[in-house]
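Worksheet: one structure, shown below.
The sequence lines fix the lettering, A, B, ..., with proteins before strands; numbering per chain opens at 1. Remember, predicted model here, so these are calculated numbers, not experimental data.
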Protein chains: 2
Amino acid sequence: MGADYLAGPQGLLRSINARAVLDVIDREGPIGRPEITRATGLSKTTVAQALRELITRKVVTEAGTDTTRRGPAATLYQIDPGCALGLGVDIGHLRIRAAVVDAVGEVLAQAETRAPRRQAAATAAAVTALAAECAERAGTELGAIGQAVIGVPAVVGRDGHTIRRAYGLPQGGKGLVEAIERDLPVPLILENDVNLAAIAEQRFGACADVGDFVLLGVGVGLGAGVVLGGRLHRGFAGGAGEVGFLPHPATELGTEVLGARRIAEQAREAGIGGTPSPRELFVRARAGDEKALAVVDATARRIAHVAASIALVIEPELFVLGGGVGASADLLLGRVRHHLARDAAPLPITIIPSGVPEDAVLRGAAWLARHHAREHAFAAATGAGRPYDTDPAGQPRGSRKGDTT
Amino acid sequence: MGADYLAGPQGLLRSINARAVLDVIDREGPIGRPEITRATGLSKTTVAQALRELITRKVVTEAGTDTTRRGPAATLYQIDPGCALGLGVDIGHLRIRAAVVDAVGEVLAQAETRAPRRQAAATAAAVTALAAECAERAGTELGAIGQAVIGVPAVVGRDGHTIRRAYGLPQGGKGLVEAIERDLPVPLILENDVNLAAIAEQRFGACADVGDFVLLGVGVGLGAGVVLGGRLHRGFAGGAGEVGFLPHPATELGTEVLGARRIAEQAREAGIGGTPSPRELFVRARAGDEKALAVVDATARRIAHVAASIALVIEPELFVLGGGVGASADLLLGRVRHHLARDAAPLPITIIPSGVPEDAVLRGAAWLARHHAREHAFAAATGAGRPYDTDPAGQPRGSRKGDTT
DNA sequence: CAGTAGGTCGGAAACTTTCCTACTTGAGGT
DNA sequence: ACCTCAAGTAGGAAAGTTTCCGACCTACTG
């Protein structure tokens with residue numbers, strides 16, 4: 001319980017150096033020993049010792065030789081892909097998807113199924129079934145997976161186990177988490193879906209080197225994934241980024257600014273009959289339908305307002321337009337920028353389309369699961385884990401037991 | 001340019017341990033050697049060695065003895081107050097204040113003067129004169145001060161040297177920074193005044209153990225100091241927290257939500273003649289003046305809206321009401337809470353009065369200056385500085401030359 | 001007398017330097 | 001075309017240095 005001042009015996013130095021070697025190998029892909037020596041600044045003796053240790057601990061493996069230079073071939077080293085497996089799950093409105101990835105990010109298996117609409121228990125069963133299927137297809141078993149991350153359309157508490165405002169889940173998600181935790185023998189945490197999309201954007205998309213950005217997820221509702229200083233900002237109770245209810249000149253506080261429901265309502269107001277789906281509306285707009293275009297423009301205006309509000313609070317470097325409706329960036333983006341220029345000219349707002357058009361939530365979940373699984377394996381292998389915290393997404397792997405330490 | 005992987009020789013371990021000892025001494029005040037041993041987990045041999053080094057480096061001094069236990073008296077150690085001096089300056093609308101603090105936070109000297117209204121050059125001269133006066137009264141000279149932090153009513157860029165939107169400064173602050181940097185022989189950075197108030201709140205006020213909070217500074221304008229994860233969030237270009245322009249049901253984007261100007265306008269609308277100052281208005285309201293109370297209530301409503309908007313974006317643990325008008329918390333707070341409960345009931349918003357009623361900006365500036373000066377001195381003394389970054393306020397001490405590395 | 005503070009010494013752990021061997025390439029000579 | 005040798009590289013081992021820790025010792029105070 002005592003505060004940790006990070007002081008210790010020589011063993012600490014060994015941990016630090018082992019971790020440094022591991023990080024270099026992770027970052028520079030297959031890499032030879034002399035280069036590791038250069039990159040870390042350590043002596044080759046120390047690097048050799050660390051490598052021996054990491055190999056016996058099974059987090060690093062040899063990966064062929066490098067014969068580009070003259071002289072004897074240098075042995076190459078890489079992260080052992082099998083040292084940590086992650087399971088990502090995306091519980092969407094229509095489908096549930098799952099994927100198993102290895103320690104280097106390779107997708108070993110992926111599967112999906114239709115989302116049950118009525119019973120939370122059915123959703124839980126679908127998740128565990130998908131997970132089992134993925135594990136089998138990946139040639140492993142669930143017990144070997146180090147971490148599972150499940151993306152849900154809900155606010156997830158800091159502990160990663162409690163959900164609120166799960167309007168998009170059967171029975172409001174009641175009992176869902178408990179059922180999955182009971183039946184899935186994998187350390188598990190939940191995460192808000194838009195947050196995971198933001199992580200995907202950071203790792204695979206347009207925000208690789210952007211420290212502060214906000215992903216605007218326009219789907220059934222409007223949400224934002226807030227990344228500050230390279231790490232996801234969840235808020236005190238996980239409710240950061242719930243920007244769908246931001247005040248707006250045309251709405252009172254507490255009214256949803258945007259989302260499928262809101263778009264449908266606007267369609268009615270615009271005199272469009274038959275309550276078409278947002279997808280249908282965008283198809284019509286792309287075809288030139290004036291009324292549909294008006295709805296799109298209104299949507300863009302609201303997005304611009306939300307972005308401006310966010311910018312005034314945290315001033316991110318970049319906004320990214322993502323989510324289901326966000327995929328229609330070709331139609332929306334120009335109009336959003338137009339409204340920004342008109343109504344919020346002095347604000348330095350840059351907004352770009354998502355760089356992860358497909359499966360953003362699933363990929364983010366898989367990435368996060370892989371990250372936590374790796375962190376755990378690396379910490380075990382290097383003896384202490386990284387004392388200097390660079391964890392991009394906080395929060396360690398949740399246990400299955402509710403240990404409220 | 002190469003990425004730094006924090007690996008190194010045994011000397012690194014020495015640095016780490018020296019830093020750990022230093023941190024314990026800093027935190028636990030005068031403390032004996034055996035207790036340092038317990039707190040750090042190091043052996044007494046190592047602690048003794050580290051102490052010798054820190055004392056010869058002049059960052060630690062002996063501070064009497066502890067005779068509470070039986071046996072020989074234990075020597076006590078403390079941070080050498082003189083090892084780092086900081087200069088804090090608050091350039092306010094009416095007054096300019098400055099203070100010199102030592103490494104343990106003791107205020108050695110403080111001075112103030114009326115703020116020039118016309119010329120930025122006069123403001124700069126006033127600042128340097130105040131600084132010189134403070135240094136002299138503190139029994140030192142400007143060259144001995146390790147860091148100066150100047151709080152300004154403006155947006156300050158990440159470099160700590162460029163200011164924008166300095167409406168509250170003579171000539172919009174044009175040439176101010178350059179003049180001060182030319183004449184003040186101290187490493188210097190600027191900081192937004194509300195941000196400094198937030199730091200004061202974190203260090204001396206109500207938010208000592210709160211990781212995420214927002215200080216709402218209600219003064220001539222409305223600004224927010226955003227602290228996330230224990231560190232100030234400045235935004236990409238230093239513009240985070242400019243919440244005075246947040247959209248609001250009654251205002252268009254780009255209109256100032258709140259501030260002295262706005263309050264005066266509301267007073268006119270409420271039928272109050274003579275354009276009283278906000279301070280006067282609050283005096284009347286406290287006396288029971290109905291019209292003044294109406295203005296106060298409208299102000300509270302706007303604060304509530306701004307807080308709700310911020311909460312939807314970042315969901316801080318706590319809001320603090322500060323700034324000039326914020327000092328009238330007794331009148332405002334209840335009404336703000338009322339409006340929050342009515343309009344933003346589902347949001348978990350806690351708002352409390354400031355715990356730093358006096359000189360918040362100045363104290364924050366002094367704290368930050370002291371912090372940077374200390375960090376510099378400690379890094380020099382321990383050989384490497386802290387590799388594990390816990391810096392609460394980012395950004396090292398700016399140089400006087402504009403080195404855009 | 002017992003418990004505590006502080007110092008010293010030898011041992012253990014970890015990193016670095018230096019030296020050595022083995023291997024591959026490429027240039028130049030036969 | 002083949003051989004030889006110099007240069008450059010990879011890997012390993014031994015000696016040396018730095019740092020930390022445990023144990024022992026002395027001195028002091030209730």
Side-chain angles (χ1 to χ4, degrees), chain A residues 5-22 24-25 28 30-56 60 62-77 382-384 387, chain B residues 5-22 24-25 28 30-57 60 62-78 382-384 387:
Chain A
Y5 291 104
L6 177 56
Q10 303 95 311
L12 173 63
L13 198 51
R14 183 155 216 156
S15 294
I16 290 175
N17 287 338
R19 181 69 203 208
V21 170
L22 202 49
V24 171
I25 295 175
E28 312 288 333
I31 183 177
R33 193 182 301 188
E35 262 196 275
I36 299 174
T37 305
R38 275 189 293 277
T40 58
L42 296 167
S43 71
K44 63 177 184 175
T45 316
T46 305
V47 171
Q49 171 58 31
L51 280 173
R52 267 194 295 277
E53 183 72 14
L54 291 172
I55 288 174
T56 61
V60 168
E62 299 187 359
T65 54
D66 173 18
T67 56
T68 58
R69 269 175 294 274
R70 73 174 156 181
T75 313
L76 295 177
Y77 299 89
T382 57
Chain B
Y5 291 104
L6 178 54
Q10 305 94 309
L12 174 62
L13 198 50
R14 186 163 207 145
S15 293
I16 291 174
N17 287 339
R19 182 71 203 206
V21 170
L22 202 48
V24 170
I25 295 174
E28 313 287 333
I31 184 177
R33 195 181 299 188
E35 263 196 274
I36 299 175
T37 305
R38 275 190 292 277
T40 57
L42 297 167
S43 74
K44 67 175 185 173
T45 320
T46 305
V47 171
Q49 169 58 29
L51 280 174
R52 266 194 296 276
E53 182 71 14
L54 292 172
I55 289 173
T56 62
R57 300 269 189 176
V60 168
E62 299 187 358
T65 53
D66 174 17
T67 57
T68 58
R69 271 176 289 274
R70 73 174 159 185
T75 311
L76 296 177
Y77 297 90
Q78 66 176 2
T382 57

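Each end of the helix from C/dC1-D/dG30 to C/dT30-D/dA1 gets its own axis from five base pairs, and the two axes differ in direction by 0°, given to 10 degrees.
Using a 4.5 Å heavy-atom threshold, the side chains of A/Leu51 and A/Ile25 count as touching. Annotation: side chain of B/Val21 is not in contact with side chain of B/Asn17 (no heavy-atom distance under 4.5 Å).
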Can you give each donor-acceptor pair under 3.5 Å made by side-chain atoms of residues 30-37 of chain B, sequence neighbours left out, with the distance rounded to 0.1 Å?
residue : atom : partner : partner atom : Å
B/Arg33 : NH2  : B/Tyr77 : OH           : 2.9
B/Thr37 : OG1  : B/Arg33 : O            : 3.0

Polar atoms only, N or O, under 3.5 Å: list the protein pairs with nucleotides 11-14 of chain C and their distances.
residue : atom : partner : partner atom : Å
C/dA14  : OP2  : A/Arg14 : NH1          : 2.8

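Under the rule for a side chain to side chain donor-acceptor pair (under 3.5 Å), the partners of B/Ser43 that lie at least two apart in sequence or sit in another chain are B/Thr46. Qualifying side chain to side chain donor-acceptor pair (under 3.5 Å) partners for A/Arg69, counting only residues two or more places apart in sequence or in other chains: A/Asp66.
Not one N or O on the side chain of A/Thr382 forms a donor-acceptor pair closer than 3.5 Å with the backbone of A/Ser15.
One can place CD1 of B/Ile36 at 18 Å from P of C/dT4, the figure rounded to the nearest angstrom. When rounded to the nearest whole Å, the span between CD of B/Gln49 and P of C/dG6 equals 15 Å. One atom, CD1 of B/Ile55, and another, P of C/dG6, lie 11 Å apart when rounded to the nearest Å. Atom P of nucleotide D/dG11 and atom CG of A/Leu42 are separated by 16 Å, given to the nearest angstrom. Following rounding to the nearest Å, B/Leu12 (CG) and C/dT16 (P) show an atom-to-atom distance of 10 Å. Going from atom CZ of A/Arg52 over to atom C1' of D/dA10 covers 14 Å, rounded to whole Å. Following rounding to the nearest Å, A/Asp66 (CG) and C/dT24 (P) show an atom-to-atom distance of 13 Å. D/dG11 atom C1' lies 16 Å from atom CD of A/Glu35, rounded to whole Å.
Smallest separation of non-hydrogen atoms from B/Ala18 and B/Ala50: CA-CB, 4.4 Å.
The CG atom of B/Leu12 sits 8.0 Å away from the CG atom of A/Leu12 when rounded to the nearest 0.5 Å.
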Do nucleotides 22-30 of chain D as a string where each nucleotide becomes B, S or -: B if the base has a protein heavy atom under 4.0 Å, S if just the sugar-phosphate does, - if no protein is that close.
-> B----BBBB
